[in-house]
Chemist: 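Following this message is one structure expressed as structure tokens.
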Amino acid sequence: MNDKKRRQFNRTVFKAFPWVMGVLLIILVFLQINSNSSKAQSKSGTDSSQQATVSSSSSEVTNKQKKIKAELASYLKTVTKDGTVSVSFYNLGATPKSKAAASTDAAVYKPGSLVTEADAHTAQTAASTYKLFIAAYLMHQKQNGKFNWTSSNTEGFDQMIVDSANTFADSELKSYGMAAVNKFIGSQGWYTPVFQQTVIAKTTSHSLMLLLEQLAAGTGPFKNASDREKILKLMSEQIYRTGIPAGASAAKTGTKVADKVGFLNDTNNDAGIVTLPNGQKYILVIMTHGHGQSGFSGFPKMAEITKKVQTIVYGTNAGK
């Protein structure tokens, strides 16, 4: 190629260069737009899929909760229909870092999601479950600097919970006065009056459930961690264990119960905090009377109710 033709070729290339680059730029922009559109569509599809999964999961949780509550409500309606039994159930959820907390069903057992009661607001003879109210009042007084763990108080309190002895409870009630204790009980939103002159102490399964809810959570009069642990330990060691503890263990071996019983004439009551081996926890209060009960003859009935309740809520077929 001679110099003249070379120069002419170079000029042609030089003039065409901007056009070529423009075309290439348009092509690149077009490809980028298509790529972003594909990514956006893909992300949109992924987001929609994730939203559908979350919605489906939420629906499954809700459906399972409804089935559990419906079956439990039906059962409790049956056992309380003659007016001689009151039952309150409250699920506390899973203990942190437990097997249950990591379970795919953890959301089903979110605290308070399965609360079910029957005849729970009818005042019944409290029997020795009233001592839970005495314990709560004394912890309230301790917060105000008006009660201390002297050796005498410690011994009396321990016997009140473990052996269900009356001496300490009656002495403290007399010392502080029924009116003051009832006023405190009312301030917590619990049934009152529990205590009246010449009248046997009365309460409801709902009120006992509310008290145990505070004890389990460490709130209200049970804010002091060491006092709370002391009370739960004593309740775990109480000696009358043929009611809720027996039923819970029958439903699942290894289940632990911290409870307070009451027995008087034909009344047999039990109120406890139950912990399953996998870490699920719940509150159960059962109050029974009538049917010629005496001594502890009603405790097997409470054990049977406990076993059925625990199986309905936490059994392998729960919510199916």
Chemist: Side chains of Asn269 and Gln124: does their closest heavy-atom pair fall under 4.5 Å?
Modeler: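 The answer is no; the side chains never approach within 4.5 Å.
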Chemist: Just checking Lys230: does its NZ atom have more than 12 heavy atoms from other residues, nucleotides or ligands closer to it than 6.0 angstrom?
Modeler: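 Yes, NZ of Lys230 has more than 12 neighbouring heavy atoms, counting only those of other groups under 6.0 Å.
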Chemist: Set out, in order, the CA-CA distance, both residues' side-chain angles and the distance that settles side chain to side chain donor-acceptor pair (under 3.5 Å) for Ser164 and Lys260, then state yes or no.
Modeler: CA-CA 8 Å; Ser164 202; Lys260 181 70 194 76; 2.8 Å; yes
Chemist: Any idea how Phe168 and Phe157 line up, ring-wise: parallel (<30°), tilted (30 to 60°), or perpendicular (>60°)?
Modeler: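 Geometry flag for Phe157 against Phe168: perpendicular rings.
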Chemist: Is there side-chain contact between Lys256 and Ser236, with at least one heavy-atom pair below 4.5 Å?
Modeler: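 Side chain of Lys256 against side chain of Ser236, heavy atoms only: no contact under 4.5 Å found.
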Chemist: More than 12 heavy atoms of other residues, nucleotides or ligands under 6.0 Å from NZ of Lys202: yes or no?
Modeler: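 Buried by this count: over 12 neighbours within 6.0 Å.
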Chemist: Would you check, one step at a time, whether the test side chain to side chain donor-acceptor pair (under 3.5 Å) holds for Thr167 with Gln159?
Modeler: CA-CA 9 Å; Thr167 303; Gln159 291 175 349; over 6 Å; no
Chemist: Quick one: which residue pairs count as a ring pair (Phe, Tyr, Trp, His ring centres under 6.0 Å) with a foot in residues 265-295, not counting sequence neighbours?
Modeler: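 Sorted result for residues 265-295: Phe89-Tyr282, Tyr282-Tyr314.
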Chemist: Anything under 30° is parallel, anything over 60° is perpendicular, the rest tilted; go ahead and classify Tyr137 against His140.
Modeler: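 The arrangement is tilted - the two ring planes meet at 30° to 60°.
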Chemist: What's in the same ILVMFWY side-chain cluster as Leu264, cut-off under 4.5 Å, chained through other members?
Modeler: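 Taking Ile, Leu, Val, Met, Phe, Trp and Tyr as members, Leu264 shares its hydrophobic cluster with Ile200.
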Chemist: Between Phe133 and Phe195, is the gap from one ring center to the other below 6.0 Å?
Modeler: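 They do not qualify: ring centres at least 6.0 Å apart.
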Chemist: Any chance you could lay out the side chain to side chain donor-acceptor pair (under 3.5 Å) test for Asn224 and Ser226, step after step, and finish with the verdict?
Modeler: CA-CA 6 Å; Asn224 185 291; Ser226 62; 2.7 Å; yes
Chemist: So which residues get pulled into Tyr191's cluster when ILVMFWY side chains under 4.5 Å apart are joined, directly or through others?
Modeler: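 Noted: Tyr191 shares its cluster with no other residue.
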Chemist: If Ile, Leu, Val, Met, Phe, Trp and Tyr residues are connected whenever their side-chain heavy atoms lie under 4.5 Å apart, and connections chain through other members, are Trp190 and Val199 in the same group?
Modeler: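 Result: no, two separate clusters.
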